[in-house]
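Encoded as structure tokens, the structure appears first; notes follow it.
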Amino acid sequence: MLFTLFAWIGAIVAVLFLGLIGFLLYGYWFHMSQLPKATFRELDHKPRPSEWREDEVTFTWIGHSTILLHLYGVKIITDPVLSEGLGVRVPGLGRIGPKRFTPPALTREEIGNIDLILLSHAHMDHIDLPTLRQLADPKTYVITAKNTSRLIKRMKFGNIEEMEPGHRVQTSQGLTITAIPVRHWGNRYPWNTNYGYQGYLIEKNGVSILYPGDTAYLSMSDLSQKHGRIDLVFMPIGAYKPDSYQQAHCTPEQAWQMFLESGGRWMVPIHWDTFVLSREPVEEPIQRLLAAADTQQGRILTKKIGETVILPLVE
């Protein structure tokens, strides 16, 4: 009798589990069916970081939110994602998640040694564990959001430090890194409710660079008052449709408004043209941004993945 009871309980649990898996897979299929289609495209530009000068500020947009920045001899990479796709691996099904439709502008080998990795939050399009395993090196310093270092603590990085908005650190290479508040969320899975999220101000030799990671609209008018002049702003412009997504992602018009509020001199749009994550057409974010910029489009330094830019400093 007891064996029969356990058998029935096991069968019910199995049915419920399979039903949950089926529900999740259906939800994922339905979400994907609502997204625009994007065909794979090759890049027009190929950066060569080995040729960048140490007395300049040079950067390239590798794709999505991944920027390789050479700031007066210090090599920094933000939210590195080099993988062909995002998501989780399901036994028998492979990796479930969106695929790239543009390749990364650089391979791991072409990136070379990294001094500092900045991780803004734990979403899979910002903390990509396969990429971070490739980049792990005892000489590399990692700064990440509160309670997220556990994701990479077994990787062979030299030092991993958590920060919270308002905190500031100075590195041995002369960088000042300040964590700034953004309007987003940090869960990697539904139960990671204590994971932090933030953006960063990166400063060296009088040059100040803003990398907000992901953010919905919030006023940035106090940034320059608190931290001084901002030279360069990397601003996300994608993943805003349906409208409910705007609780965590700004529209292109809001991105331009935040850039102006920050007092930044130059802007680079990111978080678009790499993965299809939302329902807006893949070219719409840049079109709307350029329309919002109107006669000030010259302040947008690049719109192309892989283009190498030397920051034009104006005294």
Side-chain angles (χ1 to χ4, degrees), residues 31 34-36 38 59 61 63-67 78-79 81 98 118 120-123 125-126 145 165-166 178-187 196-202 208-227 229-305:
H31 169 71
Q34 304 299 304
L35 301 182
F59 69 87
W61 176 33
H64 198 54
S65 296
T66 306
I67 301 135
T78 63
D79 290 339
V81 178
L118 294 176
S120 62
H121 62 293
H123 290 172
D125 59 325
H126 292 260
T178 305
I180 64 165
V182 296
R183 187 177 159 207
H184 199 56
W185 56 289
N187 304 38
Y197 50 94
Q198 60 206 20
Y200 296 100
L201 270 174
I202 310 159
S208 180
I209 298 170
L210 172 61
Y211 172 71
D214 270 0
T215 186
Y217 172 77
L218 81 167
S219 175
M220 292 192 169
S221 58
D222 64 339
L223 278 180
S224 59
Q225 298 172 13
K226 289 181 178 179
H227 304 286
R229 183 192 73 191
I230 296 175
D231 297 287
L232 177 62
V233 179
F234 294 101
M235 188 63 72
I237 65 168
Y240 51 82
K241 283 187 179 179
D243 288 351
S244 59
Y245 281 25
Q246 292 169 31
Q247 298 176 45
H249 298 106
C250 58
T251 66
E253 293 81 6
Q254 291 168 337
W256 182 253
Q257 182 179 348
M258 286 190 289
F259 163 65
L260 294 178
E261 290 173 350
S262 75
R265 289 181 171 176
W266 314 100
M267 176 182 172
V268 174
I270 59 171
H271 202 271
W272 73 286
D273 201 31
T274 309
F275 300 102
V276 176
L277 302 176
S278 51
R279 297 181 188 174
E280 73 268 8
V282 294
E283 294 293 338
E284 182 181 282
I286 194 63
Q287 294 168 353
R288 286 177 55 171
L289 177 68
L290 293 174
D294 196 19
T295 60
Q296 298 188 70
Q297 292 182 17
R299 298 176 69 182
I300 300 173
L301 288 183
T302 180
K303 302 175 284 294
K304 297 287 187 178
I305 293 174

Determine whether Leu289 and Lys303 make a side-chain contact, defined as any pair of heavy atoms from C-beta on separated by less than 4.5 Å. no

Let me confirm one number: the CD1-OH distance from Ile270 to Tyr211, rounded to the nearest 0.5 Å. 5.0 Å

Taking the side chain as every heavy atom from C-beta outward, state whether Val268 and Met235 have any atom pair closer than 4.5 Å. no

Work out which heavy atom in Val282 is nearest to a heavy atom in Pro285; give both atom names and the distance. O-CD, 3.5 Å

If I take atom CD1 from residue Ile209 and atom OG1 from residue Thr78, how far apart are they, to the nearest 0.5 angstrom? 10.5 Å

All heavy atoms of Met267 vs all of Ala255, minimum pair found to be CE-CB, 4.3 Å

How many angstroms lie between atom CD1 of Ile202 and atom CG of Asp231, to the nearest 0.5 angstrom? 12.0 Å

Just verifying a value: how many Å separate Ile305 CD1 and Trp272 CH2, rounded to the nearest 0.5 Å? 7.5 Å

Shortest non-hydrogen contact between Tyr197 and Ala145, atoms and distance: N-CB, 3.8 Å

Backbone N or O of Arg183 within a donor-acceptor pair of the Tyr217 side chain at under 3.5 Å? no

With a sphere of 6.0 Å drawn around CD of Gln297, does it hold more than 12 non-hydrogen atoms of other residues, nucleotides or ligands? yes

Do the rings of His126 and His271 sit parallel, tilted or perpendicular, given the 30° and 60° boundaries? parallel

Which value, rounded to the nearest 0.5 Å, describes the distance between Leu218 atom CG and Ile180 atom CD1? 8.0 Å

Return yes if some donor-acceptor pair links the side-chain N/O of Glu253 with the main-chain N/O of Ala292 below 3.5 Å, else return no. no

Any side-chain heavy-atom pair from Ser120 and His184 closer than 4.5 angstrom? no

Are the side chains of Gln254 and Thr215 in contact, using a 4.5 Å heavy-atom criterion? no

Can you name the closest pair of heavy atoms from Val276 and Pro36 and give their distance? CG1-O, 3.5 Å

Check the pair Tyr245 / Leu277 against side-chain contact (heavy atoms from CB on, under 4.5 Å), numbers first and verdict last. CA-CA 10 Å; Tyr245 281 25; Leu277 302 176; over 6 Å; no

Using modelled atom types only, decide if a donor and an acceptor are shared between the side chain of Arg288 and the backbone of Ile237 within a distance under 3.5 Å. no

Decide yes or no for Met220 and Leu210: does some side-chain heavy atom of the first lie under 4.5 Å from some side-chain heavy atom of the second? yes

Distance-only, no hydrogens or angles: does the Asp79 side chain make a donor-acceptor pair with backbone N or O of Gly213 under 3.5 Å? no

Give a yes or no on whether the ring-centroid distance for Trp185 and His123 is below 6.0 angstrom. yes

Heavy-atom side-chain contact between Ile286 and Pro269 under 4.5 Å: yes

Gln246 side chain to Ala216 backbone, donor-acceptor under 3.5 Å: no

Which pair of heavy atoms, one from Cys250 and one from Pro236, lies closest together, and at what distance? SG-O, 3.1 Å

Determine, step by step, whether Val233 and Arg299 satisfy the side-chain contact (heavy atoms from CB on, under 4.5 Å) criterion, reporting the C-alpha distance in whole Å, the side-chain angles of both residues, the deciding distance to 0.1 Å, and the verdict. CA-CA 10 Å; Val233 179; Arg299 298 176 69 182; over 6 Å; no

Would you call Lys241 and Glu284 a salt bridge, using N to O less than 4.0 angstrom? yes

Under the 3.5 angstrom rule, does the side chain of Thr66 hit a backbone N or O of Val81 as a donor-acceptor pair? yes

At what distance, to the nearest 0.5 angstrom, does CD1 of Ile67 lie from CZ of Phe234? 4.5 Å

Using side-chain heavy atoms (C-beta onward) and a distance below 4.5 Å, is Leu35 in contact with Phe275? no

Looking at every heavy atom in both His64 and Thr274, which two are closest together, and how far apart are they? N-OG1, 2.7 Å

